[in-house]
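For reference, the structure is listed below as structure tokens.
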Amino acid sequence: MPSLRDTIAADLRTQITAGHLQAGARLPSEPRLAAQYKVSTPTLRNALALLQAEGLIDKIHGKGNYVRHPLRRLTYAEGHLTPDVDLHVTIRTTNLRARGDLIPLLKVPSRTPLTEFLCLTHQGERPHSMARIYVPRLEPAELPWPRAGQAETREVVAARLPTPEEASTLRLSTTLAVLAITRVSADITGRVIEVARLTLPGDRTEALFTTHHTIEERKTEG
């Protein structure tokens, strides 16, 4: 038997998908909705949290809950988001020192000079995703860099809740899962040339992985 939370969420979801509650519309206040469904405010908020996690509504502090405008789902494949026709990126650079798990990821000594590129991607006016890219800062004698070029990329994908910084930057509910991708690129010598950490909201992103198989033909001797 569905819980009260699930029943309320299902009713509101139906109203949204049927167009009775249109994109941009403000939902009745939480006390009013709680009275309408004859439940406690915590139960009502749990139902709204489900809809937030599904990307159907936004909760704006001090203003209320609003039906979200439909967002285009984008695909992450081979290190890129597609389609990217309406995406634009802002980049901020910071110089820092290697610490924490950046040391084993980059295979560098502690406090090695790094450059961080903070890339914030927007879809229209709305933040879509963010990435932090780390590269070692080399001495002039070591340039041009990388000497051998990129030869291998390894990606680790995990689903988790956003950090407070990610939720604030991307305007996400703290209950909405994100795809966290750690991408490590190395040259043909095995030297790590770049580490990227991408945060992609789970309600508007899908990851595509393609496996290429090599088929060897068997030769028969006559």
Side-chain angles (χ1 to χ4, degrees), residues 53 73-84 86-123 126-214:
R73 293 189 64 84
L74 302 183
T75 300
Y76 176 82
E78 300 180 354
H80 301 284
L81 285 169
T82 57
D84 58 3
D86 61 346
L87 296 181
H88 62 278
V89 182
T90 59
I91 302 175
R92 186 184 72 200
T93 60
T94 304
N95 291 330
L96 45 77
R97 300 276 179 172
R99 55 185 174 80
D101 61 352
L102 286 176
I103 296 170
L105 285 173
L106 284 160
K107 299 180 182 179
V108 295
S110 176
R111 298 192 57 76
T112 294
L114 308 176
T115 297
E116 176 194 70
F117 299 87
L118 174 58
C119 305
L120 184 60
T121 301
H122 285 76
Q123 184 178 356
R126 186 182 183 90
H128 181 279
S129 57
M130 62 187 294
R132 294 183 183 274
I133 302 172
Y134 302 90
V135 297
R137 278 186 284 136
L138 303 182
E139 299 298 328
E142 296 181 275
L143 299 175
W145 177 84
R147 290 193 184 97
Q150 182 175 315
E152 179 184 83
T153 298
R154 177 171 55 88
E155 293 183 314
V156 176
V157 182
R160 59 168 173 79
L161 295 178
T163 65
E165 178 196 14
E166 292 167 343
S168 174
T169 301
L170 297 175
R171 304 179 198 169
L172 300 177
S173 164
T174 55
T175 63
L176 176 67
V178 297
L179 288 181
I181 301 175
T182 300
R183 187 176 68 218
V184 180
S185 300
D187 63 20
I188 59 175
T189 69
R191 176 184 183 179
V192 177
I193 59 177
E194 176 187 285
V195 168
R197 286 175 166 159
L198 298 87
T199 304
L200 310 173
D203 65 338
R204 69 198 76 158
T205 310
E206 58 186 14
L208 173 65
F209 300 94
T210 303
T211 302
H212 299 280
H213 299 280
T214 300

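As the structure is a computational prediction, the values presented were derived from the model and not from experiment.
A distance of 6.0 Å separates CZ of Arg137 from CZ of Arg97, quoted to the nearest 0.5 Å. Atoms CD1 and CD, on Ile188 and Glu152 in that order, are 12.0 Å from each other to the nearest 0.5 Å. The distance from atom OG1 of Thr163 to atom CG of Leu170, rounded to the nearest 0.5 Å, is 8.5 Å. Rounding to the nearest 0.5 angstrom, the gap separating the OG1 atom in Thr182 from the CZ atom in Arg154 is 9.0 Å.
Under a 3.5 Å cut-off, the side chain of Ser168 and the backbone N or O of Pro164 do not form any donor-acceptor pair.
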Using atom types as modelled, flag every donor-acceptor pair under 3.5 Å from a side chain in residues 101-121 to any protein atom, sequence neighbours excluded.
unit_1, atom_1, unit_2, atom_2, d
Asp101, OD1, Arg197, NH2, 2.6
Asp101, OD2, Arg197, NH2, 2.6
Thr112, OG1, Pro109, O, 2.7
Thr115, OG1, Asn95, OD1, 3.3
Glu116, OE1, Arg132, NH1, 3.4
Glu116, OE2, Arg132, NH1, 3.2
Glu116, OE2, Tyr134, OH, 2.9

Original post:
Is there a side chain to side chain contact (heavy atoms under 4.5 Å, CB included) between Glu194 and Thr153 once you walk through the steps?
Top reply: CA-CA 9 Å; Glu194 176 187 285; Thr153 298; over 6 Å; no
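With sequence neighbours excluded, no residue forms a side chain to side chain contact (heavy atoms under 4.5 Å, CB included) with Ala177. Annotation: side-chain hydrogen bond (donor to acceptor under 3.5 Å, both in side chains) contacts of Thr199 (sequence neighbours excluded): Glu166.
With Tyr76 as the partner, the side-chain contact (heavy atoms from CB on, under 4.5 Å) test is satisfied by one option alone out of Leu198, Leu179, Leu208: Leu198.
The number of heavy atoms from other shown groups lying within 6.0 Å of CZ (Arg160) is above 12.
Taking each heavy atom of Ala167 and Pro162 in turn, the nearest pair found is N-CB, 4.1 Å.
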